[in-house]
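Presented below is the structure to which this report refers.
Both backbone and side-chain heavy atoms feed into the values below; hydrogens, waters and symmetry mates do not.
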Number of protein chains: 2
Amino acid sequence: MSERGGRATMRDVAALAGVSIKTVSRVVNAEVGVADPVRERVQEAVARLDYRHHLGASNLRRGTTRSGLIGALLQDVSNSFSAALLRSLEDAARSRGTAILSASLDEEPDRELSLVHDLVTRRVDGLVIMPSTLRQDYLTAEVRAGLPVVFVDREPQGVAADSVTVENLEGAQMGTEHLLAQGHRRIACLTDLPDISTARRRRAGFVQAFTERGQRPPERLMVSGLRGAAAAEEAVLQLLDLDQPPTAVFAGRNDLAQGTIRALRQRGLSRSVAVVGFDDFPLADLLTPALTVIRQDVGRIGRRTAELLLARIDGDTSPPHRVVIAPTLVVRGSGEIPPA
Amino acid sequence: MSERGGRATMRDVAALAGVSIKTVSRVVNAEVGVADPVRERVQEAVARLDYRHHLGASNLRRGTTRSGLIGALLQDVSNSFSAALLRSLEDAARSRGTAILSASLDEEPDRELSLVHDLVTRRVDGLVIMPSTLRQDYLTAEVRAGLPVVFVDREPQGVAADSVTVENLEGAQMGTEHLLAQGHRRIACLTDLPDISTARRRRAGFVQAFTERGQRPPERLMVSGLRGAAAAEEAVLQLLDLDQPPTAVFAGRNDLAQGTIRALRQRGLSRSVAVVGFDDFPLADLLTPALTVIRQDVGRIGRRTAELLLARIDGDTSPPHRVVIAPTLVVRGSGEIPPA
DNA sequence: CATGTCCTTGACAACGTTGTCATCGGACTC
DNA sequence: GAGTCCGATGACAACGTTGTCAAGGACATG
């Protein structure tokens with residue numbers, strides 16, 4: 001509804017109301033010191049032209065590098081863990097009028113690099129990253145330039161930044177210990193690529209549960225490099241074909257637990273092979289048997305992450321925080337099946 | 001790394017390289033007509049100062065209102081349907097370098113209004129809305145100003161815009177018909193607020209399945225206004241206490257189906273009361289019995305939505321499209337339990 | 001040697017906005 | 001009635017960038 005095509009600008013409003021641009025700016029920003037009749041004329045013109053404030057131009061002129069935007073680089077926004085995290089970030093940011101730019105990395109390092117670049121180019125006020133890269137040295141320039149960055153789920157390597165993670169090793173150890181306590185010895189361990197620090201630590205926790213009991217971990221039953229549910233399903237089917245098949249499975253992530261359950265169903269073993277999963281997920285309690293899991297409190301992780309990031313954006317320059325949240329064991333049935 | 005605190009600008013780079021700002025601009029934008037030695041000097045200065053292009057300033061000057069941003073207003077990004085939709089929008093937008101601003105509405109009309117306002121203020125290139133308002137007249141000004149808007153899951157009221165929905169009535173009718181065909185007559189029907197058009201149409205489809213057979217729908221067993229799984233669970237428990245309890249349940253949305261399953265489990269009826277749900281969700285096939293559902297192809301919905309929006313952004317001005325996608329019945333077990 | 005052409009480079013204005021400062025008219029003081 | 005003060009309003013520059021155009025040098029042509 002402007003003179004020249006696009007959106008109306010303050011100039012158009014000023015012309016229609018017969019005032020200067022600056023006066024329009026004053027009215028739009030609800031500043032004091034505008035006579036009532038003038039203010040009304042301007043508001044009328046704003047309404048007539050459907051004028052909308054241009055936040056980008058405003059921020060540019062104000063010099064405040066604040067864009068009111070934060071970037072969230074997660075693994076996959078359609079995965080329940082990432083999605084719940086995104087949601088709690090959103091809730092924390094909403095009250096400040098901060099919006100969230102989210103994107104999925106799918107464990108692809110290149111995508112992380114290009115998305116960070118893109119977000120910096122858009123001048124986000126801060127970044128939440130669940131990294132897919134091994135090292136994040138590439139971020140030092142941004143951090144030095146004052147960009148607040150908080151790592152979530154995985155700790156940073158090669159750059160000083162806050163992080164919010166869970167005790168992966170201890171959690172995995174607790175889950176494995178739970179199975180050992182039922183008398184299981186042939187326990188399978190499923191994890192993702194060893195490059196992924198959480199996967200590595202969960203595997204280490206599995207091993208540690210054995211060694212602390214003075215037992216040797218069952219190396220033949222430990223499979224890593226599993227990408228997704230289908231890979232886990234296939235791996236479990238193969239393990240079940242061994243001469244000495246596992247009597248229990250520790251699945252190092254929610255999708256691997258799901259693949260495991262599919263495999264056990266196929267062989268009719270869901271009631272005879274125990275399963276403990278790392279990560280809770282919706283409906284895990286409605287399965288038969290209900291799935292025993294190591295639960296990370298996603299809401300709490302998201303809130304702490306948002307708190308840290310927003311504090312940095314507000315100028316907190318204290319040394320990097322390393323928040324580690326303890327996971328809990330949720331007993332539901334699948335983990336309490338005794339060995340055959 | 002700039003002279004005056006914040007990020008380095010082209011001015012800082014120009015000063016360090018001993019060239020004009022315009023030349024820096026040329027190098028940064030990879031324009032032709034810069035002598036090699038000059039180009040190298042500039043690139044060196046860019047690297048030294050960690051210069052990053054300022055997309056906002058660039059877009060402002062270029063006059064192209066293109067921000068390379070689209071807004072996605074969904075019901076709840078942590079719900080599997082919204083999350084899957086967001087993901088497929090992201091995938092479609094990625095190739096064009098378009099980023100996505102997402103937010104959750106939680107069926108709150110006020111939040112929709114304020115978020116649309118916020119996104120317009122940020123000059124998004126287009127909007128995807130799963131509306132929580134009854135009518136969207138408030139959008140006419142934006143649409144008139146040229147903002148592309150695509151409605152998803154629910155059709156627009158009071159404003160001309162594209163939409164991508166599923167055949168809610170036909171889908172619900174198909175699901176109900178499936179239960180009727182097994183011989184069920186006392187079928188419960190669970191739906192959300194009648195204000196929500198999808199809820200209304202699914203309920204209508206339930207009724208139509210009965211009337212087309214010349215039978216009267218069981219009004220006592222039809223409950224609407226159910227917000228979320230807990231409400232559905234409670235409602236089903238009450239229905240089961242009736243003198244003539246339902247022998248089957250048609251649940252009008254994924255969370256209502258989940259609540260239903262919880263209620264049936266509590267009463268030990270999961271193998272004797274049939275359930276058909278509207279909306280598929282992860283792990284529905286792993287429940288016992290596996291859940292029979294009316295499935296909406298979320299990936300397809302997301303892709304079509306993105307296609308429509310991106311075409312509009314690219315200048316398509318044809319009359320509003322109304323894309324309606326047919327859902328499919330996925331038979332898994334819970335819907336094939338015969339009446340007692 | 002004058003002229004023309006090509007190529008590289010920079011000065012300047014502008015995108016939409018807001019901070020700074022000046023101007024103007026009227027009301028007040030003595 | 002002259003001087004002072006105050007509130008309302010506007011002119012101008014600037015945020016970081018890029019389009020337009022002109023200037024300047026190198027080189028070729030006549």
Nearest-Å distance, [atom1] ([X]) to [atom2] ([N])?
X: A:R123; N: D:dG16; atom1: CZ; atom2: C1'; answer: 9 Å
X: A:R39; N: D:dG7; atom1: CZ; atom2: P; answer: 15 Å
X: B:D12; N: D:dC15; atom1: CG; atom2: P; answer: 11 Å
X: A:L60; N: D:dA14; atom1: CG; atom2: P; answer: 14 Å

Would you confirm whether [X], through its side chain, and [Y], through its main-chain N or O, come within 3.5 Å as a donor-acceptor pair?
X: A:Q136; Y: A:Q157; answer: yes
X: B:N29; Y: B:S25; answer: yes
X: B:D125; Y: B:S67; answer: yes
X: B:S102; Y: B:A72; answer: no

Smallest separation among heavy atoms of A:D162 and A:H321, with atom names = OD1-N, 2.7 Å
What's the closest nucleotide to the side chain of [X] if the choices are [options]?
X: B:V19; options: C:dG10, D:dT17, D:dT9; answer: C:dG10
X: A:R11; options: C:dA11, D:dG16, C:dC15; answer: C:dC15
X: A:H54; options: D:dG10, C:dG10, C:dT17; answer: C:dT17

Along nucleotides 18-24 of chain D, 5' to 3', which nucleotides get a B, which get an S, and which get a -, given that the test is a protein heavy-atom distance under 4.0 Å?
-> BBB----
At what angle, to 10 degrees, do the two end axes of the helix from C:dC1-D:dG30 to C:dC30-D:dG1 meet, given five pairs define each axis?
-> 60°
Taking 4.0 angstrom as the limit, do A:E142 and B:R7 come out as a salt bridge?
-> yes
B:R154 with B:E107: basic N within carboxylate O range, under 4.0 Å = yes
Please set out all donor-acceptor pairs under 3.5 angstrom arising from side-chain atoms of residues 40-47 of chain B, sequence neighbours excluded.
| unit_1 | atom_1 | unit_2 | atom_2 | d |
| --- | --- | --- | --- | --- |
| B:R41 | NE | B:A17 | O | 3.0 |
| B:R41 | NH2 | B:A17 | O | 3.2 |

